[in-house]
Amino acid sequence: MRKKYYRFFWGFLDKQKNWLNEMSDKGFRLVNTGRAWYEFEDCEPKKYRYAVEFVGEKSKQNAKEYASFLEDCGYRVLFKNLNLDYSVAKAVFRPWADKGGRIATTAGSYNKELLIVEKENDGKDFELHTDENDIKEYKKTVRKPWIFSGITISFVLIFAVVSLIFSGGLGFEPKSATRIGYIGNNGLSSWSGKYTLLDGTMKKTIRPKNDILNIAVETESGQISIEIRDADGNVIFDESDMETGSYSVSAPGKVSVKIEADKHKGRFEVR
């Protein structure tokens with residue numbers, strides 16, 4: 001009798017291997033696999049042992065040759081996917097792979113990154129790599145895609161943070177004003193800028209450290225206005241056509257600062 005079990009192990013190769021061996025211990029032999037399922041048939045308990053081998057760095061031809069080599073050694077081999085992509089036609093660039101395996105397609109080595117290897121149980125541990133140097137090289141091969149993925153994710157996160165800053169996600173909206181010769185600082189608890197020309201509106205959310213907000217303005221020419229609202233939307237500071245000077249206001253919690261400038265030359269500081 002055959003039974004189908006739905007499981008997916010992502011890149012946890014040892015976990016997948018251990019589960020297959022546990023199924024064998026219960027009297028189930030693996031006969032087929034799919035993207036997220038395994039099909040078993042009844043067998044004598046503990047009759048088979050399983051190993052899971054990563055071959056995602058190999059080209060389609062090299063992976064097939066390696067599988068054939070294992071079969072010539074008396075093992076039974078099944079290909080298995082490492083991901084859950086159901087694309088009909090897809091090409092993936094793998095810079096960490098061997099030459100010839102760096103472009104993986106659904107018609108080639110994509111979704112065939114693993115080999116499930118079966119042998120009859122002879123009472124010995126089933127390991128495909130036993131030589132110390134061989135083990136080290138294999139571990140390096142397995143680590144490569146995860147290291148590359150980690151670097152890629154880091155770049156994506158950096159890009160996301162930068163995008164948040166310039167889209168207002170961190171409380172800053174810089175694109176609504178013309179700025180010439182602008183040098184600024186945009187911290188979580190402060191905001192300042194010095195410039196030759198500032199014209200338009202800018203907004204930013206600030207979280208004062210000591211519930212006190214200090215505002216300073218230097219006007220050489222043009223006009224500048226600053227409005228500050230608390231978290232409830234109440235106006236706690238509102239000054240128009242500001243001359244050079246400094247101010248202090250109580251600001252418990254997060255506040256929203258709006259600066260409106262009309263061809264203003266000088267600087268501002270809110271901290």
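Since this is a predicted model, take the numbers as computed values, not measurements. FYI, side chains are in, hydrogens and waters are out, and symmetry mates aren't considered; it's all heavy atoms of this structure. Throughout, numbering of the chain's residues begins at 1 and tracks the sequence.
Using cut-offs of 30° and 60° on the angle between ring planes, the pair W191 and F268 is perpendicular.
M202 and L197 are assigned to two separate hydrophobic clusters, defined by single-linkage of ILVMFWY side chains at heavy-atom distances under 4.5 Å. Side-chain heavy atoms closer than 4.5 Å link hydrophobic residues (I, L, V, M, F, W, Y) into clusters, and following such links, possibly through other members, connects V249 to I226.
Of all heavy-atom pairs between S240 and S225, the closest is CA-OG, 3.2 Å. The nearest pair of heavy atoms linking A177 to L198 is CB-CD1, 4.1 Å. The nearest pair of heavy atoms linking P208 to G253 is CD-O, 3.1 Å. Closest of all the heavy-atom pairs between E243 and V217 is O-CG1, 3.8 Å. The shortest non-hydrogen separation linking Y66 to E53 is OH-OE2, 3.1 Å. Nearest heavy-atom pair across I212 and S250 is CD1-CA, 4.2 Å.
The hydrophobic cluster containing V235, built from Ile/Leu/Val/Met/Phe/Trp/Tyr side-chain heavy atoms closer than 4.5 Å, comprises no other residue. Other members of the cluster containing W37 are Y6, with ILVMFWY side chains joined at under 4.5 Å, either directly or via other members.
Interatomic distance, OG of S190 versus CG of N214, reported as 11.5 Å (0.5 Å rounding). To the nearest 0.5 Å, atom NZ of residue K265 and atom CD1 of residue I180 are 11.5 Å apart.
Of the possible donor and acceptor atoms, one in the side chain of K80 sits under 3.5 Å from a partner among the backbone N and O of R35. One N or O on the side chain of D230 and one on the backbone of D232 form a donor-acceptor pair closer than 3.5 Å. Of the possible donor and acceptor atoms, none in the side chain of N121 sits under 3.5 Å from a partner among the backbone N and O of K47. With hydrogens and angles ignored, the 3.5 Å screen pairs no side-chain donor or acceptor of T219 with any backbone N or O of G266. The closest donor-acceptor contact from the side chain of K204 to the backbone of G187 lies under 3.5 Å. A donor-acceptor pair under 3.5 Å is absent between the side-chain atoms of D262 and the main chain of Q223, judged by distance alone.
Taking 4.5 Å as the limit, every side-chain heavy atom of V255 sits out of range of all side-chain heavy atoms of V270.
F69 is linked by a ring pair (Phe, Tyr, Trp, His ring centres under 6.0 Å) to nothing, counting only residues two or more places apart in sequence or in another chain. The salt bridge (charged side-chain N to carboxylate O under 4.0 Å, His left out) check on D72 picks up nothing, with sequence neighbours excluded.
No more than 12 heavy atoms of other residues, nucleotides or ligands lie within 6.0 Å of NZ in K124, so this atom counts as exposed by the packing criterion.
Residue pairs meeting the ring-ring contact (aromatic ring centres under 6.0 Å, His included) criterion with at least one partner in residues 212-244, sequence neighbours excluded, are F237-Y247.
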Which donor-acceptor pairs under 3.5 Å do side chains of residues 13-34 form with protein atoms, sequence neighbours excluded?
| from | atom 1 | to | atom 2 | distance (Å) |
| --- | --- | --- | --- | --- |
| Q16 | OE1 | Y38 | OH | 2.6 |
| N18 | ND2 | D14 | O | 3.2 |
| N21 | OD1 | Y50 | N | 2.7 |
| N21 | ND2 | K17 | O | 3.2 |
| N21 | ND2 | Y50 | O | 3.3 |
| S24 | OG | Y48 | N | 3.3 |
| S24 | OG | Y48 | O | 2.7 |
| D25 | OD1 | R49 | NH2 | 2.4 |
| R29 | NE | E118 | OE1 | 3.1 |
| R29 | NE | E118 | OE2 | 3.0 |
| R29 | NH1 | Y48 | OH | 3.3 |
| R29 | NH2 | E118 | OE1 | 2.7 |
| T33 | OG1 | F79 | O | 3.4 |

